[in-house]
Amino acid sequence: MQAPTPRQSTIQARLPFVALFLILMAAYLVINLANFQFFPRSVRQELEKIGSSITNTTLRVPAERGLIFDRDGEPLAFNIVQYRLGVSPALVADADGLSSQVAEILDIDAFEVYRKTISENVWEFVAGPISAEQGEAIAALDEIALGLEEIPKRFYPQGTLAAHVIGIVLDEGLVGSLGVEGAYNDTLAGRVLDLSVSNVPFDLPEERPAEQRGQDIVLTLDRDIQFWVESELQAAVDEYRAFRGTVIVMDPRNGDVLALANYPTMDPNYFLDVEDPSLLENAAVQETFEPGSILQVLTVAGALEAGIITPYWTYNDDGSLEVGGREIWNRHFRAQGTTDAATILIRSLNAGAATVGLEMGTEDFYSTMRAFGLGRATGVGLFAEDAGELRIEGDTNWNESYLGFNSFGQDLKVTTMQLITAFAAIANNGIMRQPRIVKQVISEQGAEDARPTTVRRVVSTETAAIVRDMMLRVVREGAPGAFMRGYSIAGKPGTAWISTAVGQEYGPHSSIVTFAGFLPAYDPEVVVLVKLDRPNEYYGYNVTPHVFKRIADRLVILLEIPNDEVRRRLEAAATDIVVGGG
């Protein structure tokens with residue numbers, strides 16, 4: 001046998017490697033064939049994914065936002081539909097005719113529409129946002145080349161009414177801001193839906209999952225009371241030439257905010273046109289101020305509760321008092337001589353309040369202020385609520401003079417909501433209720449009521465009754481402008497100088513004036529707090545009691561609050577029935 005040549009030897013040596021390679025390739029092909037045979041779903045899904053990427057697109061559809069109602073079911077915020085119009089030029093059969101029809105419906109230039117219908121792009125934006133009526137007219141053309149994209153739009157049918165309570169919605173992404181829209185955005189917003197829709201023509205499904213929709217909210221506000229309060233507040237700002245003002249009406253028994261008004265205000269439908277950014281802030285919960293002498297009520301209540309003073313306690317009033325190197329003066333720098341606690345409130349004596357504060361000491365005084373809610377947000381349920389400012393012993397920049405000045409409402413800052421919540425606690429026999437703006441949340445599963453919540457007992461029933469009697473005397477002897485025939489009114493006006501970088505301002509247009517009052521005094525159903533910033537009268541007792549009375553005159557009608565005589569007869573009749581039945 002002839003010996004193999006070197007070339008043949010080389011081939012024979014490599015042949016096993018070639019055979020092994022062929023075997024591996026065959027095995028690979030067999031495995032892939034098995035994959036096609038036994039796992040068709042994954043292959044089909046991959047092919048569908050490739051095909052879908054060519055013909056379809058993913059569209060993120062905002063959820064239908066929940067509605068907002070007042071306590072009686074009157075709509076305060078709901079949704080309207082607008083559209084964005086687009087065209088697929090490749091599907092346009094008659095560019096001239098289509099352009100003319102669209103231009104006529106939308107009242108736009110026909111040539112601009114025509115230019116887009118002959119574009120080489122797959123999709124061209126034509127116009128938007130357009131109204132629902134225009135969208136319906138476009139849809140009626142039944143033109144396959146046209147596509148309508150839904151644009152949700154928030155609408156506030158009451159205009160400026162309760163604007164700062166309701167808030168606004170930023171249309172890009174429908175994100176709530178300010179008021180209830182901001183504080184309850186997650187509740188109202190619902191769930192965004194990602195849809196796979198055809199590129200040509202662009203379309204949306206008619207129905208969406210129910211769980212995508214946001215939840216509805218029912219507020220504690222009463223639309224009729226809100227309207228009246230806003231009207232009277234605007235009239236008061238105009239009459240007293242004030243810079244701005246706030247009024248809150250609250251039911252002290254459950255913490256329900258029946259009305260909350262700021263003036264000047266804005267229309268949430270046109271918030272983008274607002275030039276002054278401060279108009280977008282809810283002054284009732286976002287603006288802090290030094291309350292001044294109205295806070296004397298809380299100081300006296302705390303001292304009575306701690307047993308530091310009694311209704312019969314007296315001191316010698318010299319008209320001024322030095323605390324921590326700073327001088328505190330009474331109104332008009334007048335000395336009162338022998339004076340009791342009730343007179344401090346009736347005549348609004350700053351030196352007297354400071355004397356009581358010093359008698360209490362820092363621990364009792366500041367624990368009282370914290371108990372009344374100063375220095376912390378109320379949790380009423382409105383966007384970006386401020387906590388105010390209450391410095392205590394040990395804090396930066398605190399000194400002994402703070403105790404004296406804080407006792408009559410200076411050198412500390414509160415919100416209007418904090419102030420009315422504190423007075424509501426006195427009206428409610430010393431029990432502070434959690435203030436609330438939301439009464440009910442409605443979902444697909446039904447309505448969930450927000451139950452009234454007790455925050456804490458601030459003072460005893462006995463202390464609250466003593467302070468109430470003092471506040472009755474304040475109205476009769478110190479603020480007669482709040483007097484209402486037939487109704488017992490407990491109240492307290494307040495005046496605060498406006499602090500500046502160089503000290504304090506004095507004179508017209510340099511004070512913040514307030515009045516807090518509740519009625520009927522012996523069984524309160526409503527508390528009202530009035531605040532005006534920089535009126536043309538310096539002292540609160542000349543201004544805010546009159547505003548309170550005008551508001552209260554209508555409140556007793558709207559809330560059907562019987563006068564004192566009728567209440568006595570009803571109580572007597574109820575007692576007779578109980579006794580007779582026994």
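Starting from 1, each residue takes its place in the sequence as its number.
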query = Which pairs, with at least one residue in residues 470-486 and sequence neighbours excluded, count as a salt bridge (charged side-chain N to carboxylate O under 4.0 Å, His left out)?
reply =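 The answer is Arg473-Glu477.
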Could you tell me whether a side-chain N or O of [X] sits under 3.5 Å from a main-chain N or O of [Y], the two making a donor and an acceptor?
| X | Y | result |
| --- | --- | --- |
| Asn330 | Ala351 | yes |
| His546 | Ala236 | no |
| Asp386 | Thr288 | no |
| Thr421 | Leu419 | no |
| Asp256 | Leu258 | no |
| Asp449 | Arg451 | no |

ask   = Relative to each other, are the rings of Phe548 and Phe515 parallel, tilted or perpendicular (30° and 60° limits)?
value =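 Aromatic pair Phe548/Phe515 classed tilted.
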query = In terms of ring plane angle, is the pair Trp329 and Phe333 parallel, tilted or perpendicular, where the classes change at 30° and 60°?
reply =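 Because their plane-to-plane angle is over 60°, the rings of Trp329 and Phe333 count as perpendicular.
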Carboxylate-amine/guanidinium proximity below 4.0 Å for [X] and [Y]:
| X | Y | answer |
| --- | --- | --- |
| Arg550 | Glu239 | yes |
| Asp222 | Arg71 | no |
| Arg326 | Asp411 | yes |

[X], [atom1]: over 12 other non-hydrogen atoms inside 6.0 angstrom:
| X | atom1 | result |
| --- | --- | --- |
| Arg433 | CZ | yes |
| Glu400 | CD | no |
| Glu565 | CD | yes |
| Phe227 | CZ | no |
| Glu448 | CD | no |

task = Looking only at non-hydrogen atoms, find the nearest pair between Ala371 and Arg456 and report the distance.
result =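 So the minimum-distance heavy-atom pair works out to O-NH1, 2.7 Å.
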ask   = Closest approach of Ala425 and Val458, non-hydrogen atoms and distance?
value =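 For Ala425 versus Val458, the nearest heavy atoms are CB-CG2, 4.1 Å.
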request  = Tell me whether the guanidinium CZ or amine NZ of Lys531 lies under 6.0 angstrom from the six-membered ring centre of Phe289 and within 45° of its axis.
outcome  =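 Yes.
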query = Can Arg554 be said to sit on top of Trp228's aromatic six-ring, NZ or CZ under 6.0 Å from centre and within 45° of the ring axis?
reply = yes
Which pairs of donor and acceptor atoms, one on a side chain in residues 517-526, lie under 3.5 Å apart (sequence neighbours left out)?
from: Asp523; atom 1: OD2; to: Arg567; atom 2: NH2; distance (Å): 2.7
from: Glu525; atom 1: OE2; to: Arg567; atom 2: NH1; distance (Å): 3.0

Between [atom1] of [X] and [atom2] of [Y], what distance do you get to the nearest 0.5 Å?
| X | Y | atom1 | atom2 | answer |
| --- | --- | --- | --- | --- |
| Ile437 | Thr220 | CD1 | OG1 | 4.0 Å |
| Thr378 | Glu385 | OG1 | CD | 3.5 Å |
| Thr339 | Asp317 | OG1 | CG | 4.5 Å |
| Ile392 | Asn406 | CD1 | CG | 11.0 Å |
| Asn429 | Arg457 | CG | CZ | 7.0 Å |
| Asn350 | Thr495 | CG | OG1 | 9.0 Å |

task = Could you tell me if the ring centre of His332 sits under 6.0 Å from that of Tyr539?
result =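 They qualify: ring centres under 6.0 Å apart.
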